Amino acid sequence: MNMVVRRICAVAVLLAGVSLGLWIVYGDPFGWRGGLRLLRFGLGLASMGLITASAWLMFPSGREDDGDPAAASAARDPAPPPGPLDV
């Protein structure tokens, strides 16, 4: 998928998640009783899922970012200098 289209979709999903979350916090669901409270909880989780999905769409991590994992970890974590207890 093209990066521009992916980021536009990410912003749309983010706005949907934030608006759903704000509606749950400040909107009508305070009057819900009984089993509808579970629906409110599910909608809250869905809101958090939409926000997480928008971050995944905005900043994808693909194989081109990873490269060789062994070489990347060796470049990031050099061997520590020997200490006084190293024999």
Side-chain angles (χ1 to χ4, degrees):
M1 181 184 289
N2 189 2
M3 188 58 78
V4 174
V5 173
R6 196 173 174 117
R7 292 208 170 150
I8 289 172
C9 290
V11 170
V13 170
L14 178 68
L15 290 176
V18 169
S19 63
L20 178 62
L22 289 174
W23 179 70
I24 289 171
V25 171
Y26 298 115
D28 189 47
F30 282 111
W32 294 359
R33 299 284 182 244
L36 287 177
R37 290 178 64 199
L38 292 176
L39 178 66
R40 186 174 115 190
F41 180 71
L43 286 174
L45 288 178
S47 171
M48 291 177 58
L50 285 171
I51 293 170
T52 303
S54 72
W56 175 78
L57 282 171
M58 183 68 76
F59 306 108
S61 65
R63 292 191 181 267
E64 65 274 356
D65 294 338
D66 292 342
D68 184 21
S73 67
R76 281 182 273 154
D77 300 326
L85 300 176
D86 290 336
V87 179

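These numbers come from a predicted model, not from an experiment.
- The shortest heavy-atom contact between W32 and R40 is CE3-CB, 3.9 Å.
- Between the side chain of S47 and the backbone N or O of L43, no donor-acceptor pair lies under 3.5 Å.
- With values rounded to the nearest 0.5 angstrom, L20 atom CG is found 12.0 Å from M48 atom CE.
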Subject >> Intermediate values then yes/no, side-chain contact (heavy atoms from CB on, under 4.5 Å), L39 and L36 >> reply: CA-CA 5 Å; L39 178 66; L36 287 177; 4.0 Å; yes

Subject >> Residue pair I51, L14: steps toward the side-chain contact (heavy atoms from CB on, under 4.5 Å) verdict >> reply: CA-CA 5 Å; I51 293 170; L14 178 68; 4.1 Å; yes

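- Both F59 and L15 are part of a single hydrophobic cluster, where members link through side-chain heavy atoms under 4.5 Å apart.
- The nearest pair of heavy atoms linking V13 to A53 is CG1-CB, 4.5 Å.
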**OP:** Verify side-chain contact (heavy atoms from CB on, under 4.5 Å) between R6 and W56, making sure each step is shown before the conclusion.
**Re:** CA-CA 10 Å; R6 196 173 174 117; W56 175 78; 3.7 Å; yes

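- Under the 4.5 Å side-chain heavy-atom criterion for Ile, Leu, Val, Met, Phe, Trp and Tyr, M3 and M58 are members of distinct hydrophobic clusters.
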